[in-house]
Asker: 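My structure is below; once you've seen it, I'll send some questions.
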Amino acid sequence: MAELAAVVELRGVRKAYNAGTPIETEVLHGIDLTLQKGEFCAVVGPSGSGKSTLLNIVGLLDRPSAGTLAINGEATATLNDRALTRLRGHSIGFVFQHHHLITAFTALENVMMPMLGAEEFPNEAMRQRAALLIDNVGLTAWANNLAGNMSGGQQQRVAVARALAMNPSLLLADEPTGNLDTKSADEVFALLRRFNQEHGTTVLFVTHNPLLAERCDKTIQVIDGKLTG
Amino acid sequence: MPQKSVAQRITAATGVDADSWIKNSPQFFTAISAQTTANTAIRFFVGLSVALGIASVLVVVVVQKSREIGILRAMGISQGQILRVFLLQGGLLGLGGALVGSAIGGGGLMLWQHFALNAEGTPMFPLIFDAELLGIALALATITGLVAAVAPAMRAARLDPVVAIGG
């Protein structure tokens, strides 16, 4: 039986800003990281250590200066912007520290957003999928409420539902509980954990909360642009 | 020249001394020509100011919505889709503006016709609704909006999602 490709595979990834200039700053120094299907991995480390840069590169929002990155076995170095966008849209979901919902839209409409560009979701299927996800995060009663009128915890749960709209193989969460109270943070973490276990979604979870990091399958530490642990 | 030959024909046929009235009224025709040129210039500058107005509104929208644009890009919305959203907005602004402007202009003219009357009670100027002219005006305004939206739309489509989300 052929071995399944890793969901994320980074080899020798470096990231430098202002490359080739006197003020060149390298923030990631040769990162090697492999994440298999269904892994729930915490990323910890002090502010400014390169965690968000790492997440941006894994999420195909930024390109590494050197090294290779493959998502689901597909090498990304030679992909153009259109192909990267397509791969990102179909394989990767994002949850940010700030929910970044469009507050003038309802919860349901926000969850429908990622499906707008996908041909596999005609209008009715898109609405049904969004309603199912809203139900899964326990917000059915709020589906038609404007996102701007919801609490922080509810907004982050909508953001989780939105990130899962395309049923991605990889979910990147950049301190999704950072702005939430303990109870809401716990609910959002439990939600991510549930989707990880039920759907085999690989999760890369940046957090400053050691208690949440302990509940992940594994923890990697980023210090001064290098992985430890 | 046709004017001259008409005058000559009238003279030949009737014995009346006839001459071209265009030839005899050069100042009138110079004034008409200057008015036409001024009209064209006014239309051009009105169109230019409309285009600049739409472009500046869209630039502000792009700056205000840059974070949302970044989020959409992160969710897999392509540069082409972002570009189309802003082009569509520009076109709709142009079309909407032209519809509102036409309605206000038409309403104003009807009021004028109602109040500006000759001594015998007839309208001073007859109003003729020209559907073709309206269509051309709407199409031109829409195209102007689309053209004005090109630069802001390209700026939106090229936004770096990392910068946009972080900003």
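Proteins get letters first, then strands, A, B, ... in listed order; numbering begins at 1 in each. Side chains are part of it too, since the values below use all heavy atoms of this structure and drop only hydrogens, waters and symmetry mates.
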Asker: For a quick test of reading the model, state the closest non-hydrogen atom pair linking A:Leu61 to B:Val162 and the distance between them.
Answerer: O-CG2, 3.5 Å
Asker: Count the heavy atoms of every other residue, nucleotide or ligand shown that sit under 6.0 Å from CG of B:Asp17, and state whether that count exceeds 12.
Answerer: no
Asker: Just wondering, are more than 12 heavy atoms of other shown residues or ligands nearer than 6.0 Å to CD in B:Glu132?
Answerer: no
Asker: Around atom CZ of A:Arg82, are there more than 12 heavy atoms of other residues, nucleotides or ligands at under 6.0 Å?
Answerer: no
Asker: Could you walk me through whether B:Glu68 and A:His100 satisfy the side chain to side chain contact (heavy atoms under 4.5 Å, CB included) test, starting with their C-alpha distance in whole Å, then the side-chain angles of each, then the deciding distance to 0.1 Å, before giving a yes or no?
Answerer: CA-CA 7 Å; B:Glu68 283 85 351; A:His100 288 323; over 6 Å; no
Asker: Ignoring hydrogens, what is the shortest heavy-atom contact between B:Met75 and A:Pro114? Give both atom names and the distance.
Answerer: SD-CG, 3.6 Å
Asker: Does a side chain donor of either B:Arg73 or A:Thr85 reach within less than 3.5 Å of an acceptor in the other side chain?
Answerer: yes
Asker: Taking everything shown except A:Asp81 itself, do over 12 heavy atoms lie less than 6.0 Å from its CG?
Answerer: yes
Asker: Is any side-chain heavy atom of B:Ile71 closer than 4.5 Å to one of A:Phe96?
Answerer: yes
Asker: Does B:Asp130 have more than 12 heavy atoms from other residues, nucleotides or ligands lying within 6.0 Å of its CG?
Answerer: yes
Asker: Taking all atoms of both residues into account, what is the closest heavy-atom pair of A:Met113 and B:Ile77, and its distance?
Answerer: O-CD1, 3.9 Å
